[in-house]
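Worksheet: the structure to be examined is printed underneath.
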Amino acid sequence: MTTAGRPGLRAFARRTAVAASSLALMAFGVIAVLSGLLGATRQAPRTIISPPPVLPSVEPSRLPPAGELTLVGWQGERLLALGDISSIGSRAGRLWWFDPASHAWSPGVDLLPGSRLDSAVTDGSTLATLAAMPDGSLGLAMVGTSGDAQRIPLPTAAGWYRTWAAGGSLEPLAGGGYVLTGAAALVTISTDGRVKAESLPAGYALVGATREPGMFIVERVDGTRTSVSIAIPGTPRQLWLVSSATGTVTPIVDDAIAVAGSTIGVAAVRRSDGSWWTLGQDEKIVRRSPPSDVTSALDPSAAVVIVQTHERDPACSAGGATSDACQVSLRDAITGQEIVALPGLAQSSFEWGPPSTFAYLSRPREADPATDVLVIVRGGSLERIVLP
């Protein structure tokens, strides 16, 4: 599935792309978190945190400075973040874990040199990025929780490789491993680094995976564009569902602008009017949220949406603004009523997590560092964690 830039909009587009690795964990996550809140908000809009409780964070000695920490996903009950480490002539990344129970940061392992930090994704047990290989080709780098790291070269002679390397990406698979999006083939990578390539029906390229093993979302490849990743973000596209076992291709929608993971059916699709729909195993789609003219992300259980309201304010998009307009709203998916208003500065990322857990990170590019926040929704409560 295609993605957009990581700070701000990219974090939303990227995490609305299927995070299949954690779908099993997320099945009841947001519903459990908000079970008490949703009932109240169906009657009238309500802001729950203004501001949320401020709690201490255990400060490590080498946590990256403001603006260089990005949420990547969850590994078990721990939140995985990626910090940039800048040095002369090179740029690398280090993994960090945050424990919501103790509010403690723990340094993880360093990524391999040449890893593209903005492509980092996790399947729940490993972390993978696009990476430059010693011969200059584009491959993958994978790091396990124990610190083992490996480079994974790709078959550069394969017919799908050149167009994928020009703008493709990768995403996690349900059950572990990864798949290359934007390739005119079904290319999967196991957690031990094995690469497997299977053909797709002629004329199609992979958009992303679904919660159902062996079912993938594809789009047509025409004569003017040979990779889905080259498409202009937000351009409506016609999507199909394909079975890797049978090769059967079934049309889904003709105006999709984003695709996301879902525990309701097999996937969710955002259409050109901004509304979210879920695709069932019966190949029918059902609307889950009203239209919206700003970027939104649908929770995998389809209970709530995150709406980036600060898109309407140029000052917020430029970074550093701290007005009430610069916020992100967590809203009831059906009614659109506000549940929580969170600070929505330009540099932010979020992650749906394990049951009863949600994380949102906002670090301004220009502003008092005291406005840096990590909001954790856990067990029905909302906490504002002070960042070191």
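Computed from a predicted structure; not experimentally measured.
A single hydrophobic cluster is not seen to contain both Met133 and Leu130; linkage of ILVMFWY side chains at heavy-atom distances under 4.5 Å, directly or through other members, places them apart. Taking hydrophobic clusters as Ile, Leu, Val, Met, Phe, Trp and Tyr residues chained together by side-chain heavy-atom distances below 4.5 Å, Leu170 shares a cluster with Leu138. In the hydrophobic cluster analysis, where Ile, Leu, Val, Met, Phe, Trp and Tyr join through side-chain heavy atoms closer than 4.5 angstrom, Val286 is grouped apart from Val266.
Under the 3.5 Å distance criterion, the side-chain polar atoms of Ser262 are matched with a main-chain donor or acceptor of Ile264. When atom types are taken as modelled, the side chain of Ser289 and the backbone of Ala333 share no donor-acceptor pair closer than 3.5 angstrom. With hydrogens and angles disregarded, a donor-acceptor distance shorter than 3.5 Å links the side chain of Thr263 to the backbone of Pro300. Between the side chain of Asp299 and the main chain of Ala303, a donor-acceptor pair closer than 3.5 Å is present. With hydrogens and angles ignored, the 3.5 Å screen pairs no side-chain donor or acceptor of Trp164 with any backbone N or O of Leu180. Side-chain atoms of Thr210 come within 3.5 Å of backbone N or O of Met215 as a donor-acceptor pair.
A heavy-atom distance below 4.5 Å is not found between the side chains of Ile334 and Arg288. Side-chain contact between Val304 and Trp352: present, with at least one pair of heavy atoms (C-beta onward) separated by less than 4.5 Å. Considering only heavy atoms from C-beta on, Leu80 stays 4.5 Å or farther from Leu82 through its side chain. At least one side-chain heavy atom of Met142 sits under 4.5 Å from a side-chain heavy atom of Ile152. Counting heavy atoms from C-beta outward, Arg194 and Ile189 have side chains that stay 4.5 Å or more apart. No side-chain heavy atom of Pro155 sits less than 4.5 Å from a side-chain heavy atom of Tyr161. Residues Val143 and Leu95 meet the side-chain proximity criterion, which asks for heavy atoms closer than 4.5 Å. Between Val218 and Leu239 the shortest side-chain heavy-atom distance does not fall below 4.5 Å.
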Next on the checklist: For a side chain to side chain contact (heavy atoms under 4.5 Å, CB included) check, start with the C-alpha distance between Thr191 and Asp123, then their side-chain angles and the critical distance, and finish with the verdict.
Outcome noted: CA-CA 9 Å; Thr191 53; Asp123 65 354; 3.2 Å; yes

Next on the checklist: If you apply the rule salt bridge (Lys or Arg N to Asp or Glu O under 4.0 Å), what do you find for Asp282 with Lys284, and how did you get there?
Outcome noted: CA-CA 5 Å; Asp282 58 1; Lys284 295 181 180 179; 5.0 Å; no

Checklist entry - Where do Thr278 and Trp276 land on the side chain to side chain donor-acceptor pair (under 3.5 Å) test, with the steps shown first? => result CA-CA 7 Å; Thr278 54; Trp276 279 99; over 6 Å; no

Item to check | Derivation and outcome, side chain to side chain contact (heavy atoms under 4.5 Å, CB included), residues Trp96 and Ser106 | outcome: CA-CA 6 Å; Trp96 295 85; Ser106 302; over 6 Å; no

Checklist entry - What's the verdict on side chain to side chain contact (heavy atoms under 4.5 Å, CB included) for Ile285 and Val269, showing C-alpha distance, side-chain angles and the deciding distance? => result CA-CA 9 Å; Ile285 62 171; Val269 177; 5.9 Å; no

Item to check | Criterion side chain to side chain contact (heavy atoms under 4.5 Å, CB included) on Thr248 and Val242, from CA distance to verdict | outcome: CA-CA 6 Å; Thr248 303; Val242 63; over 6 Å; no

Item to check | Verdict with reasoning, Gln238 to Glu219, per side chain to side chain donor-acceptor pair (under 3.5 Å) | outcome: CA-CA 6 Å; Gln238 187 170 9; Glu219 73 166 350; over 6 Å; no

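The two residues Arg151 and Pro134 come nearest to each other via the heavy atoms CD-CD, 4.3 Å. Nearest heavy atom pair, residue Ala184 against residue Leu200, reads C-CD1, 4.1 Å. Residues Ile376 and Ala359 share a closest heavy-atom pair of CD1-CB, 3.8 Å. The minimum heavy-atom distance between Leu112 and Ala141, with the atom names listed, is CD1-CB, 4.1 Å. Looking at every heavy atom in both residues, Ala185 comes nearest to Leu206 through O-CB, 4.2 Å. Looking at every heavy atom in both residues, Trp97 comes nearest to Val109 through CZ3-N, 4.3 Å.
From Asp118, atom CG reaches atom OG1 of Thr70 across 9.5 Å, with rounding to the nearest 0.5 Å. Atom CG of Leu79 is separated from atom CG of Asp99 by 10.0 Å, given to the nearest 0.5 angstrom. Rounding to the nearest 0.5 Å places CD of Glu351 at 10.5 Å from CG of Leu361. Taken from CG in Asp135 to OG1 in Thr156, the straight-line distance is 6.5 Å, to the nearest 0.5 Å. In this structure, the separation between CG on Leu330 and OG on Ser296 is 11.5 Å, given to the nearest 0.5 Å. Between the CZ atom in Phe98 and the CH2 atom in Trp105 there is a gap of 6.0 Å [rounded to 0.5 Å].
Looking only at atom types and distance, the side chain of Ser190 has no donor-acceptor partner in the side chain of Tyr178 under 3.5 Å away. Using a 3.5 Å distance cut-off with no hydrogens or angles, the side chains of Thr122 and Gln75 do pair a donor with an acceptor.
Applying the ring pair (Phe, Tyr, Trp, His ring centres under 6.0 Å) test to Tyr204 and every residue at least two apart in sequence or in another chain returns Trp240. Residues passing the side-chain contact (heavy atoms from CB on, under 4.5 Å) test with Ala197 are Trp160, Val187, sequence neighbours excluded.
One finds no salt bridge joining Arg331 and Glu338 here, because no Lys/Arg side-chain nitrogen approaches an Asp/Glu carboxylate oxygen to under 4.0 Å.
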For residues 249-259, please give each side-chain donor-acceptor pair under 3.5 Å, one per line with the distance, not counting sequence neighbours.
residue : atom : partner : partner atom : Å
Asp255  : OD1  : Arg271  : NE           : 2.9
Asp255  : OD1  : Arg271  : NH2          : 3.3
Asp255  : OD2  : Ser272  : OG           : 3.2

